[in-house]
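What follows is one structure encoded as structure tokens, with my remarks underneath.
Labels below follow one simple rule: chain letters A, B, ... track the order of the sequence lines, proteins then strands, and each chain is numbered from 1.
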Amino acid sequence: MANKASEPAAATGAPNTPSDFVRDIVIAHVAEKRYPRIHTRFPPEPNGYLHIGHAKSICLNFGIAREFGGVCNLRMDDTNPTKEDVEYVDSIIEDVKWLIRGWADDRLGLKPKGKFPVAQTVNGKNDFYLGPVTGASEVPLEPFYASDYFDQTYEYAVQLIKKGVAYVDDLSAEDTDKYRGAPDRPGQESPFRNRSIEENLDLFVRMKNGEFPDGARTLRAKIDMTSPNVWMRDPVLYRIRHAEHHHAGAKWVIYPMYDFAHCLSDYLEGITHSICTLEFEVHRPLYDWILEQLDLPRPLPHQYEFARLSLGYTVMSKRKLMQLVNENLVSGWDDPRMPTISGLRRRGVTPEALRDFAYNIGITKYNGITDVSVLEYCIREDLNRRALRRLAVLRPLKVVITNYPEGQVEELEAVNNPEDPGAGKRKVPFSRELYIEREDFMEAPPPKYFRLRPGGEVRLKYAYIIKCDEVIKDAAGQVVELRCTADLGSKTGGPTAARKVKGTVHWVSAAHAMDAEVRLYDRLFTVPVPDASGDFKQHLNPHSLEVVTAKCEPGLKDARPELRYQFERLGYFTLDQDSTPDRRVFNRTIALKDTWAKEARKSA
RNA sequence: UGUCCGGUGGUGUAAUGGUAGCACAAGAGUCUUUGGAGCUCUUUGUCAUGGUUCGAAUCCAUGCCGGACAGCCA
């Protein structure tokens, strides 16, 4: 056991509650009773599958909701119909629920299907609000959608125009670019910047009505073209897109930009802490500006930024992950080699392991690269506790026990999980002909090799000590079979059971073995930072997937997809969805630590 | 040569003016019917220079280095 709890739990007063600068801020706000309730949100754009970097954000946002008695809304940030799709919406919902189940699912804020913000009066002012539903509900629920707020967003845009702080611009995209200037050079005002409010109003309505083609005009905030912050140089608020929206349908041909929609979505939902990644830091003045221009009666949300996750030996951007999928370099978004949540799930990683990982890496504003070994450690630690031990041979080598009677079968007792006595025991059949791992025999082994060699002895796990008498080879000189004799008194409880033998080896009875397809995964890339320069795909690991036919103990016929298995001495495995009743398919989630491999590498 | 944000062992993070700690990684040992797990131990760090202070990783100044930002993407 690590000397720290794997689960943060402020609510129960557990000692190892996560602590970071974001939570420090929340703690201060709770202390001063700044908000009636802490309300966060997780707002992915449905333009790809969620990855482990999103998992970090989910754990932060739902973790805060959980620790401070708040709510975390799941919201689709879907303001760009040309890039989004319901396939992604569905996968996001599944992944989020999977990751927080049994941990923060009671903090998940959803809303009744089809419900929109409702008009209300607060302090004599007009307002819109859409609150969350948590827990069980009699009506069907769905996530929040930024696209459900298009009516309100439009309304707010009109308010900005009436106030004289937004205008319709006729500049082309190219010219908008030119007029913006550069970070170290001020921009210039658009010739359309000083239209009358009436003209702006008229033009904006006509934009909405579809009178203009894509790109013909935009609605822009009127701020300051000379601002040192490029995002304050009259940012675009609305653009024209004659495209059907996956959620809003065909109602709109103008769509709000992220900066305009996001702060308003936060406000409409009553979000208090809008937590995002560092690249939005320069957008924060705009976030605040928009909300402050509108005369909003309720407390305004505030934005806080933290460093996104970078993991070694993988890529994290949705664009690059999509490239791997589209170019068939992986089997799909849920390929077990992908850093996606669905890929990790299929690989056999549990939500607990992912949450533990998120806890361990912390939250800061420093952009570093996290070592994959941290993830691997969290996965192993979790699986070591829960995995059922089984015997399986990945690369079989036949062994005949010459002094063991032909036709005899013994049912030997094997421990299911030494870490968990409650997991019980099982029987595995033993007979004269067995398979052992090819790697567990060497004709001319290097020093410190503890396994089988000609004339040497090794313990068969849960069975006998055997001695290798004869090595049988084929015409090509390949070792194809070993002839051994067993010390028949060396079985557990036997007279010579206590004899010390250096090595213990796993095995499977040949006659009883079940064949299974086993997929062995390795890291997807060969270098720590594949996208450091050039084409990241040139660093793909050609050996990231190896498929073998393994010999498994017969009990593995009953393997269940929700369980985790350790094939002893090899690694952790889980049943893949490609399994059929006739053919089991296992994914290797992760190999066991292999100090022998390290030793062998050292001497090589 | 713009604005904003950062810089603590190899990596990631803590210490919020008072003993630089934790985890991973690495190494040594112990134990073991998994070369797994466990247990014990070890190596390695405050970007630099000044200043404030009894005392600075922490506050101030300057410098250096790194990141983000110039989509009608999010």
Side-chain angles (χ1 to χ4, degrees), chain A residues 1-4 19-21 24 43-45 47 77-80 82-84 169 171-173 176-177 180-187 214-220 227-233 235-241 255 257-259 261-262 276-285 305 307 312 318-319 360-378 380-381 384-385 389 391 415 418-419 448-451 459-463 465 490 492 497-498 500-506 528 566-571 591-599:
Chain A
M1 280 293 286
N3 57 358
K4 108 170 68 146
S19 170
D20 51 66
F21 77 95
D24 288 346
E45 185 189 15
N47 66 344
D77 204 358
D78 55 350
T79 55
N80 186 354
T82 63
K83 290 193 173 173
E84 298 155 8
D169 195 359
L171 245 33
S172 68
T176 305
D177 227 42
R180 186 162 28 234
D184 56 351
R185 176 165 43 82
D214 285 2
R217 291 181 222 264
T218 57
L219 182 74
R220 291 234 253 164
S227 169
N229 182 339
V230 175
W231 288 101
M232 297 299 270
R233 320 240 265 228
V236 172
L237 266 22
Y238 264 92
R239 76 290 217 184
I240 301 171
R241 286 279 178 283
Y255 292 94
M257 298 288 292
Y258 163 84
D259 288 294
H262 203 89
C276 61
T277 45
L278 249 27
E279 66 270 28
F280 294 101
E281 214 159 13
V282 283
H283 294 237
R284 193 182 342 131
E305 310 87 9
K318 277 196 250 181
R319 202 195 98 247
N360 278 303
I361 59 178
I363 301 291
T364 64
K365 299 185 75 136
Y366 177 73
N367 259 313
I369 297 174
T370 298
D371 203 312
V372 264
S373 65
V374 179
L375 209 213
E376 293 173 343
Y377 173 82
C378 294
R380 286 197 183 99
E381 198 185 43
N384 179 48
R385 282 193 292 254
R389 312 296 133 123
L391 297 177
V415 172
E419 307 292 321
K448 295 191 199 167
Y449 185 84
F450 302 160
R451 286 109 95 152
R459 156 80 63 181
L460 294 176
K461 179 96 180 168
Y462 302 126
I465 294 167
S490 63
T492 306
K500 291 290 170 203
V501 189
K502 203 78 163 137
T504 299
V505 141
H506 59 280
Q566 184 198 100
F567 294 174
E568 293 220 35
R569 301 208 308 132
L570 295 172
L592 250 30
K593 274 215 301 204
D594 188 348
T595 50
W596 163 244
K598 197 184 289 177
E599 187 67 38

* To do: Remember a base hit wins even if backbone is also touched, and classify A:P418 as base, sugar-phosphate or nothing at under 4.0 Å, heavy atoms.
  => base
* Asked: Phosphate oxygens OP1/OP2 of B:U33: is one of them under 4.0 Å from a side-chain N or O of A:Y462?
  -> no
* Within this structure, what is the OH-to-C1' distance between A:Y366 and B:G45, rounded to whole angstrom? -> 13 Å
* Looking at B:G35, B:A26, B:C72, which one has an atom nearest to any side-chain atom of A:R451? -> B:G35
* Is A:S172 touching bases, backbone alone, or none of the nucleic acid, heavy atoms closer than 4.0 Å? -> base
* Structure fact -> Winner on side-chain proximity to A:Y258, out of B:G36, B:A74, B:G6, is B:A74
* Asked: If only atom types and distance count, is the side chain of A:R233 paired as donor or acceptor with the main-chain N or O of A:R180 below 3.5 Å?
  -> yes
* Go ahead and name the base partner of B:C39; Watson-Crick or wobble counts if both distances stay under 3.5 Å, otherwise write none. => B:G29
* Asked: If you check every side-chain atom of A:E419, which of B:C72, B:G36, B:A74 has the closest atom?
  -> B:G36
* For the student: nearest non-hydrogen atoms of A:R220 and A:V236, plus distance -> CD-CG2, 3.8 Å
* Look at A:K365 and B:C4 and indicate whether a side-chain polar atom (N or O) is within less than 4.0 Å of OP1 or OP2. => no
* Ring geometry between A:F280 and A:H283 (parallel below 30°, tilted from 30 to 60°, perpendicular above 60°) -> perpendicular
* To do: Under 4.0 Å between any heavy atoms, over every strand shown, what does A:K448 touch: base, sugar-phosphate, or nothing? Just pick one.
  => base
* **Test item: side-chain donor near acceptor, A:S227 and A:N229, under 3.5 Å** => no
* When all nucleic acid strands are considered with a 4.0 Å heavy-atom cut-off, which category describes A:Y449: base, sugar-phosphate, or nothing? -> base
* **OP1 or OP2 of B:G71 under 4.0 Å from side-chain N/O of A:R241** => no
* **Closest listed nucleotide, where the reference is the side chain of A:Y377 and the choices are B:A23, B:A70, B:U8** => B:A23
* Got a donor-acceptor contact below 3.5 angstrom from the A:R569 side chain to the A:L592 backbone? -> no
* Asked: Is A:T364 near enough to B:G6 that one of its side-chain N or O atoms lies under 4.0 angstrom from OP1 or OP2?
  -> no
* Consider the side chain of A:P228, meaning its heavy atoms from C-beta on, and name the nucleotide among B:G35, B:G2, B:A74 that approaches it most closely. => B:G2
* **Sugar-phosphate, base or nothing in reach of A:E45, heavy atoms under 4.0 Å** => sugar-phosphate
* Asked: Where the side chain of A:E281 is defined as all heavy atoms beyond and including C-beta, which of B:C5, B:U8, B:U3 is the nearest nucleotide?
  -> B:C5
* To do: Measure from the side-chain heavy atoms of A:D594 and tell me the nearest of B:U33, B:G35, B:C72.
  => B:G35
* So, is A:R389 near the phosphate of B:A37, with a side-chain N or O under 4.0 Å from OP1 or OP2? -> no
* To do: Pull up the glycosidic torsion of B:G71 and say syn or anti, syn being anything within 90° of 0.
  => syn
* Asked: Taking OP1 and OP2 of B:G71, is either one under 4.0 Å from a side-chain nitrogen or oxygen of A:T176?
  -> no
* Asked: Of all the choices, B:C72, B:U34, B:A25, which nucleotide is nearest to the side chain of A:K593 once you look at every atom?
  -> B:A25
* Can you find a side chain N or O atom of A:R233 that sits less than 4.0 Å from OP1 or OP2 on B:U3? -> no
* To do: Mind calculating the distance between CZ (A:F567) and C1' (B:U34) to the nearest angstrom?
  => 14 Å
* To do: Consider the side chain of A:F280, meaning its heavy atoms from C-beta on, and name the nucleotide among B:A74, B:U34, B:A70 that approaches it most closely.
  => B:A74
* What nucleic acid atoms does A:I240 come within less than 4.0 Å of, heavy atoms only: base, sugar-phosphate, or nothing? -> nothing
* Asked: Under 4.0 angstrom, heavy atoms only, what part of the nucleic acid is A:G368 near: base, sugar-phosphate, or nothing?
  -> sugar-phosphate
* Asked: For B:G71, does either OP1 or OP2 sit under 4.0 Å from a side-chain N or O belonging to A:R180?
  -> yes
* To do: With a 3.5 angstrom cut-off on both distances, give the Watson-Crick or G-U wobble partner of B:G12, or none if there isn't one.
  => B:C22
* B:U33 base to A:T492 side chain: any donor-acceptor pair below 3.5 Å? -> yes
* Would you indicate what A:T277 reaches in the nucleic acid, counting non-hydrogen atoms under 4.0 angstrom: base, sugar-phosphate, or nothing? => nothing
* Asked: At under 4.0 Å between heavy atoms, what does A:L171 touch on the DNA or RNA strands: base, sugar-phosphate, or nothing?
  -> base
* Asked: Considering Watson-Crick and G-U wobble pairs with both distances under 3.5 Å, what does B:U49 pair with?
  -> B:A61
* Closest heavy-atom pair and its distance - A:L391, A:Y462 -> CD1-CD1, 4.5 Å
* Under 4.0 angstrom, heavy atoms only, what part of the nucleic acid is A:D24 near: base, sugar-phosphate, or nothing? -> base
* **Any A:K500 side-chain nitrogen or oxygen under 4.0 Å from OP1 or OP2 of B:U33** => yes
* Asked: What's the CG-C1' distance between A:N360 and B:A23, to the nearest Å?
  -> 6 Å
* Please work out if A:I361 contacts a base, only the sugar-phosphate, or nothing of the nucleic acid, heavy-atom cut-off 4.0 Å. => sugar-phosphate
* Heavy-atom pair with the smallest gap, counting every atom of A:E45 and A:K318 -> O-NZ, 3.0 Å
* To do: With heavy atoms under 4.0 Å as the rule, sort A:E305 into base, sugar-phosphate or nothing.
  => nothing
* To do: Go through A:N384 and A:E381 one step at a time and tell me if the side chain to side chain contact (heavy atoms under 4.5 Å, CB included) criterion holds.
  => CA-CA 5 Å; A:N384 179 48; A:E381 198 185 43; 5.9 Å; no
* **A:R385 vs B:A37: side-chain N/O to OP1/OP2 distance below 4.0 Å** => no
* Asked: So which heavy atom on A:I465 is nearest to which on A:S490, and how close?
  -> N-OG, 2.8 Å
* With both distances under 3.5 Å as the test, what is the Watson-Crick or G-U wobble partner of B:G66? -> B:C5
* If we call it a pair only when both distances are under 3.5 Å in a Watson-Crick or G-U wobble match, what pairs with B:C73? -> none
* If you look at every strand shown and take non-hydrogen atoms under 4.0 Å, does A:H506 touch a base, only sugar-phosphate, or nothing? -> nothing
* Asked: For A:T218, which contact category applies under a 4.0 Å heavy-atom criterion: base, sugar-phosphate, or nothing?
  -> base
* Between the base of B:U33 and the side chain of A:R459, is there a donor-acceptor distance below 3.5 Å? -> yes
* Asked: For the side chain of A:R239, counting heavy atoms from C-beta on, which of B:U3, B:C24, B:C73 is nearest?
  -> B:C73
